[in-house]
Visitor: 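What follows is a single structure, and I will ask about it in a moment.
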There are 2 protein chains.
Amino acid sequence: MKILIVDDDPHIRDVVRFALEQANFDVDEAADGKQGLDLFDPAVHQLIVLDVMMPEMDGTEVCRKIRAEAATPIIFLSSRDDEIDKVLGLELGADDYIAKPFSPRELVARVKAMMRRLELDGGGKAPADDAEIMEHGELKLDRTSFEAFWGDHAIELTKTEFMMVWGMMRYPTKVYSREALMRLAYDDHNVVVSDRTIDSHVRHIRKKFEAIDAAPIETVHGVGYRLAKAVDG
Amino acid sequence: MKILIVDDDPHIRDVVRFALEQANFDVDEAADGKQGLDLFDPAVHQLIVLDVMMPEMDGTEVCRKIRAEAATPIIFLSSRDDEIDKVLGLELGADDYIAKPFSPRELVARVKAMMRRLELDGGGKAPADDAEIMEHGELKLDRTSFEAFWGDHAIELTKTEFMMVWGMMRYPTKVYSREALMRLAYDDHNVVVSDRTIDSHVRHIRKKFEAIDAAPIETVHGVGYRLAKAVDG
DNA sequence: CATCGACAATTAGAATCTTCATATCGGCAT
DNA sequence: ATGCCGATATGAAGATTCTAATTGTCGATG
């Protein structure tokens, strides 16, 4: 997975590229909005660094077009306050912005923060990522059969529900934001749903486990959800 | 606190000095690397504006020597792309650079941006800035799981509480004013709450730790709060 | 057409944040 | 020491924000 930089100023591109590569990211560059759209591939780019003010096609328009096909997070670069207003006016979902002038260090920090928030960095290298079966305490999932178990009890989960729990199992102690859960549930990054929808899925999962007095998911108020701690002996 | 300018070109020095003084900074000048090192005092200079290409001792070397004794942020001035690469190759901590030709306005903007960042950080380059886990004595925080530990005991903190402690961990010996704590707790930097509110959060945090006879936060009368000293052996 | 799952909208309820009033403490001058 | 004043601690109530649970619509499926 790569990061796509779209900026008409080659100097800025250099800085950004260098900073990100130092931080061990792979980078693609585009010199204007059109080229950016051409180059962009939702399956390849996990994040976009996008200048707001560009000749030809400005950043907000690029954003809109990208949004039409993918929910890939975007970090805007902007210098003037009114540009920032414009960016904020967008439906800033998985987005952030940085005011110029920015330091390379700040950029990298933001990118990392975004990755963390969206649970993208773990995207391919979770512990036991390609396992067929994962366990955490009483909870066991089998992705070959799409079945969940709590101890010996089998639980029927729908695809979305299963994917959410499966995803959380990769880092069973981590708190997942709703945004992150969204990405776990829909491995294609193009879906954008309301946070309440996530609540709803969580509720359905809980309900199914309640039937056998199990509570696999706990709430972290104001942050998200987390798997219940394993208490086995 | 002053800003130190190191550049062999007297004309540039004039421009920079004038711009910065207009913006209400105090300025010291040095005409080459050696003189810069002589003049530099970590206790006096808050920031350095440093030309990369200078006769005798070039900017990167000056930087290295300064880094040997202080983490003072440096803004590099450079004209050629290969110089920029060289600068970026340094361990850019709290550093930035400006390409020549630059406008005085841009310089001032960068300097101010840097100051802003430093202040928000609590002054200087934060150690372990984007770490997932931080420890100080018995205290350990994990920001992926939003959990706090004192030794082996897990402590439940709310989001605001967690953010405050997490922020203080970055400089575990520093005293944080209530205002500073406010900034740590709310990533939206425009939230304004009463000082008493901070006291209240501190109290809540303390209460949770009291349950296990731990005292992670101490009061510095008239100034603010600070993490308790680490006493581990 | 009936059924089921996915999702959104709503509102009831819970957790958390904030403030306020009061008690206590710390530093300082007498 | 003693008393004063500003700073901090404490407890509790109110406001605010977040979550849980209910319900209804849409679309896909059989």
Side-chain angles (χ1 to χ4, degrees), chain A residues 71 91 93 146-148 155-168 175-188 190-211 214-228, chain B residues 146-148 155-168 175-211 214-228:
Chain A
E91 278 294 315
F146 252 76
E147 285 174 310
I155 307 272
E156 292 285 331
L157 297 179
T158 69
K159 181 186 176 192
T160 305
E161 291 159 5
F162 186 91
M163 292 300 284
M164 270 176 53
V165 180
W166 177 265
M168 287 203 280
V175 179
Y176 287 82
S177 69
R178 290 178 172 71
E179 223 165 345
L181 289 172
M182 231 171 265
R183 281 160 203 277
L184 293 178
Y186 316 94
D187 45 6
D188 93 66
N190 310 13
V191 184
V192 181
V193 298
S194 132
D195 281 2
R196 302 294 118 253
T197 298
I198 301 300
D199 294 25
S200 186
H201 289 301
V202 169
R203 166 164 165 60
H204 289 141
I205 295 168
R206 281 173 170 166
K207 198 159 199 173
K208 289 174 178 177
F209 279 88
E210 274 169 20
I217 299 178
E218 50 187 48
T219 301
V220 181
H221 199 102
V223 185
Y225 297 96
R226 161 173 63 194
L227 289 182
Chain B
F146 253 83
E147 287 174 309
I155 307 274
E156 294 282 333
L157 297 179
T158 68
K159 185 183 177 182
T160 305
E161 290 159 7
F162 186 92
M163 294 295 281
M164 270 176 55
V165 179
W166 175 266
M168 287 201 281
V175 179
Y176 286 83
S177 69
R178 290 178 172 69
E179 198 191 346
L181 289 172
M182 234 171 262
R183 283 197 296 257
L184 294 179
Y186 314 95
D187 44 10
D188 170 1
H189 293 162
N190 344 349
V191 179
V192 178
V193 295
S194 120
D195 281 2
R196 302 295 117 242
T197 299
I198 302 300
D199 295 24
S200 185
H201 287 302
V202 169
R203 165 167 164 57
H204 289 143
I205 294 167
R206 282 174 168 165
K207 196 159 202 174
K208 289 175 178 177
F209 279 87
E210 275 169 18
I217 298 177
E218 49 190 47
T219 301
V220 181
H221 198 98
V223 186
Y225 297 97
R226 165 175 57 195
L227 290 182

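Lettering follows sequence order; numbering is per chain, from 1.
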Visitor: Relative to the 5' end of DNA chain D, which residue comes earlier, B/S200 or B/R178, by the nucleotide with the nearest heavy atom?
Guide: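 Upstream on the strand: B/R178.
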Visitor: Determine whether a donor-acceptor pair (N or O, by modelled atom type, separation under 3.5 Å) exists between the side chain of B/K159 and the backbone of A/V223.
Guide: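 Not confirmed, B/K159 side chain does not pair with A/V223 backbone.
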Visitor: Side-chain contact, heavy-atom cut-off 4.5 Å: A/M163 with A/L184?
Guide: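 The answer is no; the side chains never approach within 4.5 Å.
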Visitor: Which pair of heavy atoms, one from A/T160 and one from A/A185, lies closest together, and at what distance?
Guide: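 Reported closest heavy-atom pair: CG2-CB, 3.9 Å.
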Visitor: Which atom pairs link the protein and nucleotides 4-6 of chain C when you take only N or O atoms and keep those under 3.5 Å?
Guide:
residue : atom : partner : partner atom : Å
C/dA6   : OP1  : A/T158  : OG1          : 3.1
C/dA6   : OP1  : A/T160  : OG1          : 3.3
C/dA6   : OP2  : A/T158  : OG1          : 3.1

Visitor: If the plane angle is over 60° it's perpendicular, under 30° parallel, otherwise tilted; pick one for A/W166 and A/F162.
Guide: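 Taking A/F162 first and then A/W166, their aromatic rings lie parallel (interplane angle under 30°).
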Visitor: Under a 4.5 Å cut-off applied to non-hydrogen side-chain atoms, are A/V220 and A/Y225 in contact?
Guide: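 Side-chain contact under 4.5 Å: no.
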Visitor: Determine the contact category for A/T219: base if any of its heavy atoms lies under 4.0 Å from a base atom, sugar-phosphate if only primed atoms, P, OP1 or OP2 are that close, otherwise nothing.
Guide: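 Sugar-phosphate, no base atom in range.
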Visitor: Earliest and latest nucleotide of DNA chain D, 5' to 3', sitting under 4.0 Å from a non-hydrogen atom of chain A?
Guide: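 Listed 5' to 3', the contact boundaries are D/dC18 to D/dT22.
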Visitor: I want to check something: taking the side chain as every heavy atom from C-beta on, are A/L157 and A/F146 in contact at a cut-off of under 4.5 Å?
Guide: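 With C-beta onward as the side chain, the pair stays apart.
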Visitor: Can you tell me how far P of C/dC7 sits from CE of A/M164, to the nearest Å?
Guide: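 Atom CE in A/M164 sits about 10 Å away from atom P in C/dC7.
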Visitor: Which atom pair, heavy atoms only, marks the closest approach of B/M164 to B/L181?
Guide: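 Taking every non-hydrogen atom into account, CG-O, 3.9 Å.
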Visitor: Donor-acceptor pair, B/T219 side chain versus B/H221 backbone, under 3.5 Å?
Guide: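 Checking the backbone N and O of B/H221 against the side chain of B/T219, no donor-acceptor pair under 3.5 Å is found.
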Visitor: Establish, from distance only, whether the side-chain atoms of B/S177 and B/R183 form a donor-acceptor pair under 3.5 Å.
Guide: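 There is no such pair (donor and acceptor under 3.5 Å, judged by atom type) between the side chains of B/S177 and B/R183.
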Visitor: Rounded to the nearest 0.5 Å, how far apart are NE2 of A/H204 and NZ of A/K207?
Guide: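 Reported value, rounded in 0.5 Å steps: 7.0 Å.
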Visitor: Quick one: A/D199 CG to C/dA12 C1', roughly how many Å, whole number?
Guide: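 Taking CG of A/D199 and C1' of C/dA12, I get 15 Å after rounding.
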Visitor: Roughly how many Å is it from CG in B/L157 to C1' in C/dA15, rounded to a whole number?
Guide: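 For the pair B/L157 CG and C/dA15 C1', the rounded distance is 15 Å.
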Visitor: Using only atom types and a distance under 3.5 Å, with no angle test, would you say the side chain of A/R206 pairs donor to acceptor with the backbone of A/I217?
Guide: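 Between the backbone of A/I217 and the side chain of A/R206 there is a qualifying donor-acceptor contact (under 3.5 Å).
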Visitor: If you assign B/R206 and A/R196 each to the DNA chain D nucleotide with the nearest heavy atom, which residue ends up on the more 5' nucleotide?
Guide: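 With B/R206 and A/R196 compared, the 5'-side residue is B/R206.
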Visitor: Treating primed atoms plus P, OP1 and OP2 as sugar-phosphate and everything else as base, which nucleotides of nucleotides 22-28 of chain C get B, S or - for protein heavy atoms under 4.0 Å?
Guide: ----S--
